[in-house]
Structures are given as structure tokens and as C-alpha cells.
Amino acid sequence: MGSPMKIRAAVKDGITEVKILMGHAMETGLRKDAAGALVPAWFITEVTAKHQGKVVLEAQFGTAVSKDPYLVFRFKGGAKGEKVSVSWLDNKGDTRSDEVEITEKV
Amino acid sequence: MKKIALLVMAMSSTIAFAANKDAALDAKALTVIQRDFRDKGIAKVDRVKQDQVQALCTQYRDHPPHALQDKLEKEQLAAVKYPADGKLMGDWKAGEKLAQSGRGLTWTDKEGDVVGGNCYNCHQLSPKEIAYGTIGPSLLHFGKMRGNTPDMQKYVYGRIYNAKAFNLCTNMPRFGHVGALTESQIKDLVALLLDPESLVNKE
Amino acid sequence: MVNLERRQALKTGGALGLWGVFASLGLMPSFAHAEWNKTLFSAKSMNEALDLIGAVLPETSGDIQLNVPEIAENGAVVPISVSSSLPNATQIMVFVDKNPNVLAANFNLPAGTETFVTTRVKMGQTATVIVLVKADGKLYRAAKEVKVTQGGCGG
Amino acid sequence: MYTRIILTLALAIPCLAIAGDDKSAEEIAKYREMVSDGNPAELDEMRGEELWKTAAGTKKASLEKCDLGKGAGVVKGVYAELPRYFADTKRVQDLESRLLTCMTTLQGIPEADITSKPFSTNNYKSDIEGLVAYVVGQSKGMKMAVSLKHPKEKEAYEIGKRIFFYRAGPYDFSCATCHSENGRRIRLQDLPNLTTNIGAQRAYTTWPAYRVSQGLFRSFQWRINDCFRQQRFPEPVFGSELTVALTLFLAANANDAVYDGPAIKR
């Protein structure tokens with residue numbers, strides 16, 4: 001199971017902004033280790049975000065997304081206390097899901 | 001009269017006290033430095049031992065007394081080894097590649113790795129490279145402004161070989177003196193600065 | 001291929017213990033909508049990627065705002081922000097034309113999700129970031145060059 | 001989040017003035033501003049908090065009784081006052097050497113287990129670095145107030161200063177070679193003048209940090225080590241008097257500035 005995500009979701013004027021930090025190596029498969037051997041590719045392939053169970057974003061990543069991926073997006077709606085959940089899946093089959101409550105943006 | 005004498009005495013005693021305290025702290029700092037480093041990779045603890053130049057520049061915060069500075073600069077200059085074949089200019093393209101590399105001699109480098117020139121870390125050289133440092137002066141158009149007479153070539157070779165022979169407490173390393181760069185590498189760097197075809201001397 | 005097999009297992013409610021735990025917690029991730037397109041993510045050039053999408057490179061559009069730094073201090077993290085006023089946008093694709101695999105990320109935007117995304121990508125060298133936005137079934141483009149510079153002491 | 005952006009912008013202005021010989025500086029400032037939103041160091045802070053509160057070692061104890069200078073278990077604000085003199089160990093300690101004391105005495109973790117691998121790599125996450133991330137994050141927004149009252153603190157400052165100016169190694173470098181003049185840069189990176197308050201403040205208050213070039217959170221001890229690596233020196237001993245004195249010299253020079261770590265850096 002991957003390491004916990006840091007998710008923030010804040011609503012303002014009817015728009016919820018979601019900021020997600022995912023802890024992941026995002027190995028390209030092209031990098032060599034100190035001994036000169038290729039480090040196998042290991043990266044998040046899919047990210048899904050839901051608001052109260054409804055999908056609000058689907059992302060697919062390639063190896064070019066930076067280590068410890070960061071993602072920001074916005075959707076219409078959302079209210080204080082409602083839930084935003086985020087899940088990712090990587091190419092080794094590892095996965096992680098976390099959720100937060102929406103706060104009001106000041 | 002008496003008052004002044006007293007004052008002078010008081011002042012000098014303060015200074016003497018400060019100097020004593022400083023000396024004690026200097027000694028303690030040196031003990032700490034000599035004790036608290038460990039060998040790592042190619043970087044061994046003997047590297048923290050200072051030679052005369054390093055000790056003097058540390059002691060005087062890079063502004064040593066003139067007489068001492070002159071004496072040591074002369075010694076450093078006398079130790080510069082110029083190429084036996086008399087040729088001082090190599091291949092500027094190889095020099096540019098070398099100038100770009102900041103590698104070499106750290107504990108993450110390996111024995112026998114090619115040491116880089118580290119030039120762009122501190123100097124502007126080619127107008128094409130925007131990622132240049134400013135610890136040293138800009139060397140843009142170096143040869144274009146100064147020509148490449150034999151004297152100029154000798155000066156540049158010597159300066160890269162041992163910058164301390166020209167300015168004792170300069171920040172610039174003594175690349176040839178300590179054996180970081182080879183004779184042919186230094187020649188390539190001389191060419192980078194002085195060859196009219198070098199990028200350094202183009203618009 | 002392993003990936004495909006595993007996905008099959010997922011779809012059929014595969015028996016992996018981990019997934020059972022998730023399901024029981026009500027945290028079962030759902031990735032059923034869009035498949036990770038291995039072929040497209042392996043494309044080595046913009047032309048190859050466009051062929052796979054079945055499109056020609058669209059004209060650049062003033063209706064897409066692509067915010068990238070002109071100079072990146074480090075190619076490992078190049079921040080990218082895309083937004084667009086194009087109506088009915090459903091997809092944002094981010095490419096880096098000189099990367100070994102040109103497609104960096106794809107975003108599917110359900111109705112109600114703004115045409116806006118910020119993320120970070122790796123760039124091996126100075127290259128052009130190309131963004132394609134699909135709106136009303138049509139592709140639009142924005143592109144900007146990012147210079148990747150040599151870092152610190154170079155070591 | 002917004003205050004951080006504003007702070008970054010404010011910091012970017014002196015950067016511009018320093019490296020403002022071309023448009024590059026402006027673009028680099030923009031890059032830094034864009035990167036500053038979303039700092040993966042937050043993931044390390046979360047990990048560190050977990051480690052702080054979890055029982056570990058032969059004594060099966062958490063670190064919640066660890067005294068980092070403001071009493072047992074107090075984390076809030078401690079980093080802004082470190083390094084400092086600790087009466088129980090009778091020496092000046094920085095955050096890392098103090099954590100080492102707590103982990104060995106309270107938890108019973110052998111010192112060598114910690115000091116043999118104190119820094120994270122791509123395949124290894126260092127506990128002490130995670131703890132550092134958590135602790136420093138709890139001083140964000142606080143004013144740096146490193147004491148020089150105790151004679152040992154004064155002495156550490158003076159020793160740290162001497163280490164800073166000590167030239168040696170194959171390239172004759174000292175810390176001062178890169179960090180004692182205004183407006184200098186190495187490649188495109190501007191170099192803070194650590195002998196001035198403003199320079200030390202800018203640098204010290206933004207370390208520890210997540211390094212994007214390495215994709216890892218880095219402690220201050222790591223930062224000092226990497227300076228010595230680039231000086232072509234051997235490696236300083238983890239938590240030694242040498243690194244504590246140098247850290248105190250820099251921290252005290254940064255006094256009165258608002259601590260803003262962990263930051264995100266190239």
C-alpha cells in the first residue's frame with residue numbers, strides 16, 4: 001500500500017479546488033542506479049478523484065510526471081463537510097486511497 | 001599625561017585579552033575540524049590539513065600582509081610547470097565541454113573519473129550559455145579583447161594551472177598545481193579562452 | 001501484459017487480498033472508466049502520438065492558457081498549469097516533444113469539472129510543452145518552450 | 001498556502017535585484033514561485049509526525065517525552081530556538097543531535113543504527129529526516145531566536161565562524177568562498193551571503209527543504225554535508241560539534257527572521 005496522500009479541498013463561490021500530493025517514486029525505467037543498472041519503471045498510471053462518490057477527475061500518468069506527483073483541479077459544486085476522495089494505481093498494482101472533507105476557502 | 005598613559009594601557013590590555021581569547025578559540029576550532037571529519041570515498045581526512053597558502057589566507061581572511069603575499073605568490077609561480085613541447089593552446093571545443101563539467105574530486109566522484117573544469121560554475125564564457133556563475137569575473141570575449149600572443153597564452157596557462165601564483169587568496173582553485181586537471185586539459189581551456197574560433201570570442 | 005491481466009482480474013472482482021480490504025472499507029478505487037493506454041503512453045514522437053489519436057496537429061488556440069516557466073531551474077520538476085475557456089471541454093493532454101515518451105499525462109474532465117489542471121512533469125532537456133484540449137469533440141493546441149538549465153555546482 | 005505564495009514573492013524580489021543582469025533571473029523567480037505551491041515536504045512532515053508519536057526501539061517508547069528545548073514533548077516553536085545549550089547533556093545541540101539523544105536514551109535505539117544512515121535515498125526513507133521535517137514544520141511562521149547567552153553557545157558561535165572561513169581541500173575552498181559576498185551566483189543559483197543577517201535569514205529560514213533535483217526532503221545536516229562535499233572536503237560526522245557549531249553560527253546570524261521551512265528548492 002502506498003504512502004498517505006496529502007489532499008486539500010476548499011470551496012469558494014461554488015467552485016471546489018482540490019490539491020493533491022502523492023508520495024511516489026515515479027521511476028521512468030531509464031534511470032541508472034549507482035551500480036549502473038537500470039532501475040525498473042515504477043509509476044502511478046491512474047488517478048481518480050470523486051466528490052460524494054461521483055467522479056470529478058480521471059487522470060492517466062506516464063513516466064514523465066514528476067516524482068511525488070502534485071495535481072490541482074477544480075469542479076463546480078461542493079460544500080463544506082462533503083467528502084472528496086482520491087485513489088491512485090501504479091504499474092506494479094500498488095494502490096492508495098485517501099479522502100478529506102471540503103473546507104471553506106478564506 | 002598620566003591619564004592618557006593609563007588609557008593606552010587599558011586599551012592594549014583589552015586587545016591583548018581579546019587576542020588571547022581568539023587564539024584559544026582558533027585552537028579549539030582547529031581541534032574540532034581535525035577531529036570531526038571522516039574519510040568518505042575518495043575524500044580522505046588528510047584534505048582538511050592546510051598548506052601554507054590555505055593557512056595564511058584563512059588566518060588573514062584572504063588579506064595577508066603584502067610581504068608575505070608576494071613571497072608566497074613567487075613560490076607558487078616558480079612551481080608552475082609549463083608544457084615541455086611549448087604548445088599552450090589545445091582544442092577549444094574540448095575546452096568548452098570541460099568548462100561545462102563541474103564534476104570531480106568530491107566524495108561522490110570515483111578515483112580516476114575525469115575531473116571537470118568547473119568554469120561555468122563561476123564564470124561567464126560562451127554567450128550561448130545562460131547558466132553561468134558570477135563568483136569569478138566574466139570571461140566573455142576574453143581572447144577577442146586581449147589577443148593570443150605567446151605571452152598571453154603563457155599567462156592564461158599559468159593562471160589556470162595556479163591562480164594563487166597571481167593572487168594569493170583568490171577563490172580560484174589551483175587546477176594544475178594540485179593535479180586536478182592534466183596538461184592537455186589546461187591547453188584545451190587556454191584555447192577556449194584565446195582561440196579566435198572559440199565560442200567565447202564570437203558574438 | 002501483466003498489467004492487462006491484472007486489470008482483468010480487477011474488473012472481474014479479483015481475489016487479491018488488498019482489494020478485498022479496500023472493498024470492505026468502502027474504499028475500492030474505481031478505474032473502470034478509462035484504461036491506461038499503454039501504446040499512447042509509449043509513443044516516441046509527437047507524430048506517432050497524433051497517429052495513434054487519429055488526429056493531425058491542430059492550430060494553436062488563443063483560448064487555451066498554458067502557464068509554464070520559460071526557464072526551469074531543474075528538469076525533474078517543471079510546473080505546468082493549463083486552463084481554457086473553450087466550451088464543453090472533455091480532455092486535456094500534456095506532451096513534452098523531446099521526452100523519450102512524449103505523452104506525460106492525460107486528464108478526462110467529467111461535466112462540471114473546470115477546464116483547469118496544474119501538475120509537474122520531468123523534462124530531460126530544453127523542449128516544447130504541447131497541450132491538446134478536446135472540446136466539443138475537436139482538438140485545440142497550445143505550446144511553449146521551456147529551457148532546462150544546468151544546476152548548481154554541476155555535481 | 002496563500003501566505004506562502006506571498007512570502008515567496010517577497011523573497012523573489014531580493015533574488016531579482018541580485019541576479020538581475022538578465023531576464024533569466026525573472027524567469028527563475030517565476031519557476032520558483034510556481035514550484036512553491038505544493039511542497040512534497042508535507043508528506044515527510046506527515047511521516048515524521050507518525051514517527052514522533054509511535055513507540056519504537058528496545059524501550060518501546062514514542063518521542064513524546066523528548067525535550068527539544070522547550071520542555072518534554074513540546075514541538076511547537078522549538079526549531080526557531082535551536083541550536084541551544086542543554087543542561088542534561090552539558091553541550092550545545094542542534095535539532096538532529098538532540099533527536100539522536102532522545103532516540104538513544106528514550107527509545108533505546110543504538111546510535112549507530114541512526115548515524116550510519118541518517119539521510120534518505122531513492123530506496124530508503126530515514127526516520128530522523130522524517131522527524132526533522134515534522135519538527136521544523138511546527139516552527140513555521142515563528143521568529144528565529146537563537147540564544148548566545150550561555151558561554152557554550154557563545155563559544156559554539158565563534159567556532160562555527162572559524163569553520164566557515166577555514167580554507168582547505170584540493171580546491172582551497174571554504175564555506176566563505178561561495179557565501180561571503182553579495183550578489184554572487186553559482187551557475188544560475190544565487191548564493192546567499194551568510195555573513196550578513198539578510199543573507200543568513202533568507203537561507204536559514206528556508207532549510208530544511210524538499211530538493212526537486214533529488215526528489216527528496218533534506219535536513220539541515222544534509223545541507224551542510226553537501227556544502228562540504230562540493231568544497232571537496234571529507235564528510236563531517238553526523239551530529240558532531242563541528243556541524244552543531246556551524247549550524248549555530250548560521251542560525252544565530254538568521255535571528256529575527258520568520259522561519260518559513262520546510263521549503264522547496266531546486
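Proteins come first, then strands; the chains are lettered A, B, ... in the order of their sequence lines, and each starts at number 1.
Of all heavy-atom pairs between D:M34 and C:I80, the closest is CE-N, 4.4 Å. Closest of all the heavy-atom pairs between D:Y31 and C:A72 is CD1-CA, 3.7 Å.
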Expected list for residues 88-96 of chain C: side-chain donor-acceptor pairs under 3.5 angstrom, two or more places apart:
residue: C:N88; atom: ND2; partner: C:D136; partner atom: OD1; Å: 3.0
residue: C:N88; atom: ND2; partner: C:D136; partner atom: OD2; Å: 3.4
residue: C:Q91; atom: NE2; partner: C:N106; partner atom: OD1; Å: 2.8

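Other residues, nucleotides and ligands contribute over 12 non-hydrogen atoms within 6.0 Å of the CD atom of C:E145.
At a heavy-atom cut-off of under 4.5 Å, chain C is reached by D:V212, D:S213 from residues 211-223 of chain D, listed in order of number.
Considering only heavy atoms from C-beta on, D:K30 stays 4.5 Å or farther from C:E70 through its side chain.
For C:V68, the part lying near chain D is the backbone, with the side chain staying farther off; criterion is any non-hydrogen pair under 4.5 Å.
Without hydrogens or angle criteria, C:R120 side chain to D:V35 main chain gives a donor-acceptor distance under 3.5 Å.
Of the candidates D:R187, D:R32, D:R266, D:K265, C:E73 forms a side chain to side chain donor-acceptor pair (under 3.5 Å) with just one, namely D:R32.
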